[in-house]
Amino acid sequence: MSHLAETDELFYARAGLDRTKLEGIVDDALGRADDGELFLEYRQSEALAFDDGRLKSASFDIDQGFGLRGVVGETAGYAHASELTDEAVKRAAETVKTVQSGRGGTMSDAPSNTNRQLYTPDNPLNALGFEAKVKLLGEIDAYLRAKDGRVRQVTVSLAGSWQAVQILRAGGERRADIRPLVRLNVAVVMEQDGRMETGSYGTGGRVGYDGLVAPETWRAAADEAIRQAEVNLGSIDAPAGEMPVVLGSGWPGILLHEAVGHGLEGDFNRKKTSAFAGLMGERVAAPGVTVVDDGTLPDRRGSLTVDDEGTPSERTVLIEDGRLVGYMQDRQNARLMGMAPTGNGRRQSYAHIPMPRMTNTVMQGGDTDPGEILASVKKGLYAVSFGGGQVDITSGKFTFSCTEAYLIEDGKVGPAVKGATLIGNGPETMKKVSMIGNDMALDPGIGTCGKEGQGVPVGVGQPSMLVSAITVGGTA
């Protein structure tokens, strides 16, 4: 069954909406608008958490509703409700129409259609029974405690969702998508000689539970959590000062996401509040640095068949060989900037208005062996994993805390350090990239991006790379 047919079954046959009436309401509501859509959503989600050897919490939710948007120039009228009825949509239309008062607009062309399928539409929540999920969490808990006698606490969580959306535009154009999403997280606290440290690991994507429940998958996640805690138990205080920093491959791309990615979203550049505003075609990074946002990667956490405006996702080149060549665009900002939408119009749910957001933001690999990169540094920091961070979009300044980092001493990886924070400026840091590894990797499927109070799943990736100088905040 196609995505459109399956969402027809959900919203019209089961929920009782009248498609003909809805199309008439949308035509009337958006008749004088520049753009807009009716966004229908149905979502099932669940989360189970195992802590201290027992099931601590379990939840299951069904959420459904609609959001109706009319766009006139830079202004958008938006109304939403959890009541899926023709009457509720009609009431919302009266609100949305107020932004068009006294104006005659021409509706923008609809997004192109697509029949591609980037992930299975099957509902992962139905593939494994509740008892089997609880048993799995218990097995992971027991495995961790048996593996290392220093383990003092284990927290394991399993989460999944199944989202179906249909987007209706004036003129009867419709787009649909069905999006699975799963995630497994493992965290441990280990004690040695009176010192306690934590380690954690997560994995997931737009797949079913099958991969996560396979013993080779969850054991690898559990082993990695123990390895990180063990590394932290032997860590020393991090040094402070400006120094060369080697960033590892994969998840460290979260720094790229925050320090560079947000600044390349269309709305910030249209409003000229981004550090990259007005720099199209100019050098914003070192030669060899190519950054893309790719929403078309199969099964990845940030991927989308179509975005939340109905535009097919794309592979959008943002920085090519160090020069700024593109922005991530939703429909409104693309139109106002005279550009094409790139499939980056995203929203957290029907209760939120869409805006330009990243999907999977990745720096392309180079041709240098990672060992050669490390060997080139006499004294510096090797940052393998990151936790939380902050970025100022206007200035490009960022701070990021390292959850796994090591000293580099005479070209070799030295002792692990704790308490290291990277402090810098996104565009300036990208210009200081002096070596790029041939080991580009994607993150394990755990990213969630926040913007203006909305959270959406995203992916990141990058190769190992050397930044010639970053300020490191430490505790030594």
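The structure displayed is predicted, hence computed values, not measured ones.
The shortest heavy-atom contact between Ile436 and Pro463 is CG2-CG, 3.6 Å. Across all their heavy atoms, Ile236 and Leu407 have their closest contact at CD1-CD1, 4.1 Å. Contact between Ala164 and Ile178 at its shortest, heavy atoms only, is CB-CG1, 4.3 Å. Gln454 and Arg347 get closest at one heavy-atom pair: OE1-CA, 3.2 Å. The two residues Asn333 and Arg270 have their closest heavy-atom pair at OD1-NE, 2.6 Å.
Checking side-chain atoms of Ser200 against main-chain N and O of Ala187 turns up no donor-acceptor pair under 3.5 Å. Glu74 places no side-chain N or O within 3.5 Å of a backbone atom of Gln332 that could act as its donor or acceptor partner. Of the possible donor and acceptor atoms, one in the side chain of Ser303 sits under 3.5 Å from a partner among the backbone N and O of Leu297. In this structure a side-chain-to-backbone donor-acceptor pair under 3.5 Å is missing from Arg206 to Gly302. Checked by atom type and distance alone, the side chain of Asn269 pairs as donor or acceptor with a backbone atom of Ala277 at under 3.5 Å. Checking side-chain atoms of Tyr382 against main-chain N and O of Gly248 turns up no donor-acceptor pair under 3.5 Å. Between the Asp443 side chain and the Gly459 main chain, no donor and acceptor come within less than 3.5 Å of each other. Proximity of a side-chain donor or acceptor of Trp251 to a complementary backbone N or O of Phe386 within less than 3.5 Å is detected. The closest donor-acceptor contact from the side chain of Tyr209 to the backbone of Leu158 lies at 3.5 Å or more, if one exists at all.
Between Lys418 and Asp237 there is no salt bridge, since no side-chain N of the basic residue sits under 4.0 Å from a carboxylate O of the acidic one. Ion pairing of Asp177 with Arg179 is present here, as a side-chain N (NZ or NE/NH1/NH2) and a carboxylate O approach within less than 4.0 Å. With respect to the salt-bridge test (charged N to carboxylate O, under 4.0 angstrom), the residues Arg227 and Glu224 qualify. With salt bridges taken as basic N to acidic carboxylate O contacts below 4.0 Å, none links Arg331 and Glu309. Using a cutoff of 4.0 Å between basic side-chain nitrogens and carboxylate oxygens, Asp267 and Lys271 are not scored as salt-bridged.
Side-chain N/O atoms of Thr114 and Arg175 include no donor and acceptor closer than 3.5 Å. A donor atom on one side chain and an acceptor atom on the other are found under 3.5 Å apart for Tyr350 and Asp63. The closest side-chain donor-acceptor pair between Ser313 and Asp307, if any, does not fall under 3.5 angstrom. Inspection of the Glu265 and His262 side chains reveals an N or O donor paired with an N or O acceptor under 3.5 Å. No hydrogens or angles considered: nothing links the side chains of Asn232 and Thr198 as a donor-acceptor pair under 3.5 Å. Side-chain contact, Thr316 with Asp293: no donor N or O sits under 3.5 Å from an acceptor N or O.
Residues Val246 and Ile408 have side chains in contact (heavy-atom distance under 4.5 Å, counting atoms from C-beta outward). Looking at heavy atoms from C-beta onward, Met430 lies in side-chain contact with Met465 at the 4.5 angstrom threshold. A 4.5 Å side-chain heavy-atom check between Pro111 and Pro312 finds at least one atom pair inside the cut-off. Annotation: side chain of Gln44 is in contact with side chain of Phe60 (closest heavy-atom distance under 4.5 Å). The shortest distance between side-chain heavy atoms of Arg301 and Pro444 does not fall below 4.5 Å. Counting heavy atoms from C-beta on, the side chains of Leu48 and Phe130 come closer than 4.5 Å. At least one side-chain heavy atom of Leu324 sits less than 4.5 Å from a side-chain heavy atom of Met280. When side chains are defined from C-beta on, Val292 does not count as touching Glu314, because their heavy atoms never get closer than 4.5 Å.
Taken to the nearest 0.5 Å, the CD atom of Gln163 stands 10.5 Å off from the OG atom of Ser45. Put simply, OG1 on Thr429 and CG on Leu255 are 7.0 Å apart, with the number rounded to the nearest 0.5 Å. To the nearest 0.5 Å, the span separating CZ on Arg283 from CZ on Arg323 amounts to 4.5 Å.
Under a cut-off of 6.0 angstrom, the local environment of NZ in Lys397 is sparse, with at most 12 non-hydrogen atoms contributed by other residues, nucleotides or ligands. By the neighbour-count criterion of 12 heavy atoms within 6.0 Å, atom CG of Asp367 is sparsely surrounded, having that number or fewer from other residues, nucleotides or ligands.
Of the residues Ser249, Pro370, Ser464, the one that meets the side chain to side chain contact (heavy atoms under 4.5 Å, CB included) test with Asn438 is Pro370. None of Val154, Asp141, Thr155 except one satisfies the side chain to side chain contact (heavy atoms under 4.5 Å, CB included) rule with Asp51; the exception is Thr155.
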* After noting the C-alpha distance and the side-chain angles of Val460 and Leu256, does the key distance pass the side-chain contact (heavy atoms from CB on, under 4.5 Å) rule? -> CA-CA 8 Å; Val460 299; Leu256 178 79; over 6 Å; no
* To do: Given side-chain contact (heavy atoms from CB on, under 4.5 Å), test Met190 with Gln192 step by step and report yes or no.
  => CA-CA 7 Å; Met190 291 172 59; Gln192 180 176 294; over 6 Å; no
